[in-house]
Amino acid sequence: MSSTRRHVSHIGVLTSGGDAPGMNAAIRAVVRTAHFHGLRVSGVFEGYDGLVRDEIRPLAVRDVSNIIQRGGTILRSARSEAFFAPEGRAQAKRNLDGRGIDGLVVIGGDGTFRGASVFAVEHGVPVVGITGTIDNDLAGTDATIGFDTATNTAMQLIDRIRDTASSHDRLFFVEVMGRTSGAIAMHCGIASGAEFVMVPEHRQGIDQLIQVLERSAKSKSSVIVIVAEGDEEGGAYEVARKVKARFAHYDTRVSVLGHVQRGGNPTMADRLLASRTGVAAVEGLIEGRSGEMAGIVNGNLAWTRFEDAISGRKATDDDLLRILNILSI
Ligand code: ATP
């Protein structure tokens, strides 16, 4: 740390939005770093909702023992209607003041940072962010906490589907998470050798899919199509329905992976990302940072303004789609 002046003395930490594996590792890093630097630290339960309802309690060093390997979040997470309203945020500020909390670390996705940004400006509370979302849709970091675990889980499940699909000449439509982001679908698609991937960012429609199926039918014993849940053509069931009407070569099956993608022990990459950015977030607050997110870019710590992290959404890039198309011939 460059400066010896401390801009905060008691920080709060919360997890918000959808939970992501690795959030616990981030909480642990925040709590331990705060204690290491002689700060007080409190946990806010159930995200911004808990901030508004004053669900806050001090966290000691040992309160975060034995959680680095656990999925989910010990602070629980929530979506909060109250925090969208100025009165809810004013109540949140009163609660922080009542406890002497003068800085906040928020762990979440784009919505969480949007809320943090509004709150920091409106009430002058220093807030820094740590990425906690399986969607990998924030700019200013190569990966978000939870993405590596979620994609590895999905990939392993797709591997199992391939085993059974290739034993029966089957066409599988596998739906993975991603309402607005195709990152999980695209990465899993390449990593599991899928034949086709449908994501919200790219318009790969049914016609293109049929072309691939016609080509694959001549030489492959199984075909796997990965569908991000937010694709314009619909989820996996809807895509399967549209295809079935036009393509009868394969026996078709649909598998929706669902919430298993969120759970499980975080991978080493997610634990490391959470630990590094957790330490950085607290040290950033001590140095006087606010309105920024800690990420890792090309192996190095990087700070990005909340507005840029949100608006610079990383669409799945065209090159990944090109690679998938080459490798699935
Ligand atoms: P995920 O990527 O997993 O969905 P997220 O952080 O994007 O996570 P959201 O549900 O979009 O999750 O946002 C979490 C919470 O942030 C919302 O429930 C709300 O309380 C707060 N929030 C989001 N946008 C705003 C905003 N414009 N003003 C105030 N609060 C907001």
Side-chain angles (χ1 to χ4, degrees), residues 12-24 26-27 44-55 71-73 75-93 95-96 104-123 125 127-141 143-151 153-154 176-185 200-201 228-230 258-259 261-263 266 270 274 277 281 291 293-295 304-316:
V13 55
L14 62 81
T15 50
S16 161
D19 65 302
M23 279 182 160
N24 277 329
I27 295 165
V44 180
F45 289 78
E46 300 188 354
Y48 293 129
D49 221 42
L51 204 56
V52 176
R53 288 185 286 107
D54 204 24
E55 295 285 333
T73 158
L75 294 178
R76 302 169 54 80
S77 190
R79 298 197 156 96
S80 170
E81 278 307 315
F83 202 73
F84 279 102
E87 176 43 40
R89 296 192 294 272
Q91 183 60 48
K93 172 70 161 95
N95 294 340
L96 291 180
L104 209 52
V105 177
V106 297
I107 306 169
D110 55 348
T112 299
F113 294 165
R114 219 166 268 130
S117 190
V118 171
F119 189 59
V121 170
E122 201 171 53
H123 293 287
V125 178
V127 186
V128 296
I130 301 176
T131 68
T133 170
I134 62 172
D135 287 341
N136 206 29
D137 57 354
L138 296 166
T141 191
T144 54
I145 295 168
F147 176 66
D148 190 65
T149 306
T151 42
T153 301
V176 298
M177 281 187 163
R179 275 176 310 206
T180 56
S181 167
I184 293 179
E201 296 91 336
E229 61 182 324
H259 283 78
Q261 293 162 93
R262 279 196 194 279
D270 276 332
T277 53
M293 175 200 93
T304 305
R305 305 281 322 157
F306 284 141
E307 308 82 77
D308 298 331
I310 298 162
S311 66
R313 269 172 171 275
K314 233 182 333 192
T316 64

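Both counts, for ligands and for their atoms, begin at 1 and track the order of listing.
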> Nearest protein heavy atom to atom 29 (C) of ligand 1, by residue and atom, and its distance?
Replying inline: F83 O, 3.5 Å
> Just by modelled atom types, is the D135 backbone N or O under 3.5 Å from a matching donor or acceptor in the S181 side chain?
Replying inline: yes
> Stepwise, does the side-chain contact (heavy atoms from CB on, under 4.5 Å) test hold for Q91 with R53?
Replying inline: CA-CA 8 Å; Q91 183 60 48; R53 288 185 286 107; over 6 Å; no
>> Measuring from atom 12 (O) of ligand 1, which candidate in G17, G88, A82 has the nearest non-hydrogen atom?
In response: G17
> Is the backbone of L51 close enough, under 3.5 Å, to the side chain of N95 for a donor and an acceptor to pair up by distance?
Replying inline: yes
>> Out of all atoms in ligand 1, which are within 4.0 Å of some heavy atom of R114? Include the element for each.
In response: 24 (N), 27 (N)
> Does E122 reach the main-chain N or O of P86 with its side chain, forming a donor-acceptor pair under 3.5 Å?
Replying inline: no
>> Taking 4.0 angstrom as the limit and counting only heavy atoms of G109, give me the atoms of ligand 1 inside it, by number and element.
In response: 2 (O), 5 (P), 6 (O), 7 (O), 8 (O)
> Which residue supplies the protein heavy atom nearest to atom 14 (C) of ligand 1, what is that atom called, and how far is it?
Replying inline: S16 OG, 3.4 Å
>> Take a 6.0 Å sphere around CZ of R76 and say whether it holds more than 12 heavy atoms from other residues, nucleotides or ligands.
In response: no
> Does Y48 reach the main-chain N or O of L14 with its side chain, forming a donor-acceptor pair under 3.5 Å?
Replying inline: no
>> Please list the nearest protein heavy atom to atom 23 (C) of ligand 1 with its residue and the distance rounded to 0.1 Å.
In response: G111 O, 2.9 Å
> In the protein, what heavy atom is nearest to atom 25 (C) of ligand 1, and what distance, to one decimal place, separates them?
Replying inline: F84 CE2, 3.3 Å
> Is ligand 1 under 4.0 Å from a heavy atom in the side chain of T133, in the backbone, in both, or in neither?
Replying inline: side chain
> In the protein, what heavy atom is nearest to atom 10 (O) of ligand 1, and what distance, to one decimal place, separates them?
Replying inline: R79 NE, 2.4 Å
>> Just to confirm my output: which protein heavy-atom neighbour is closest to atom 21 (C) of ligand 1, and how far is it?
In response: Y48 CD1, 3.6 Å
> Which protein heavy atom lies closest to atom 20 (O) of ligand 1, and at what distance to 0.1 Å?
Replying inline: S80 O, 2.8 Å
> Does the N or O separation between D110 and ligand 1 drop below 3.5 Å for any pair?
Replying inline: yes
>> Testing the 3.5 Å rule here: is there a donor-acceptor pair between the side chains of T144 and T131?
In response: no
>> Among all the protein's non-hydrogen atoms, which is closest to atom 6 (O) of ligand 1, and how far away is it?
In response: T112 OG1, 2.5 Å
> Is a side-chain N or O of R262 found less than 3.5 angstrom from the main chain of P21, in a donor-acceptor match?
Replying inline: no
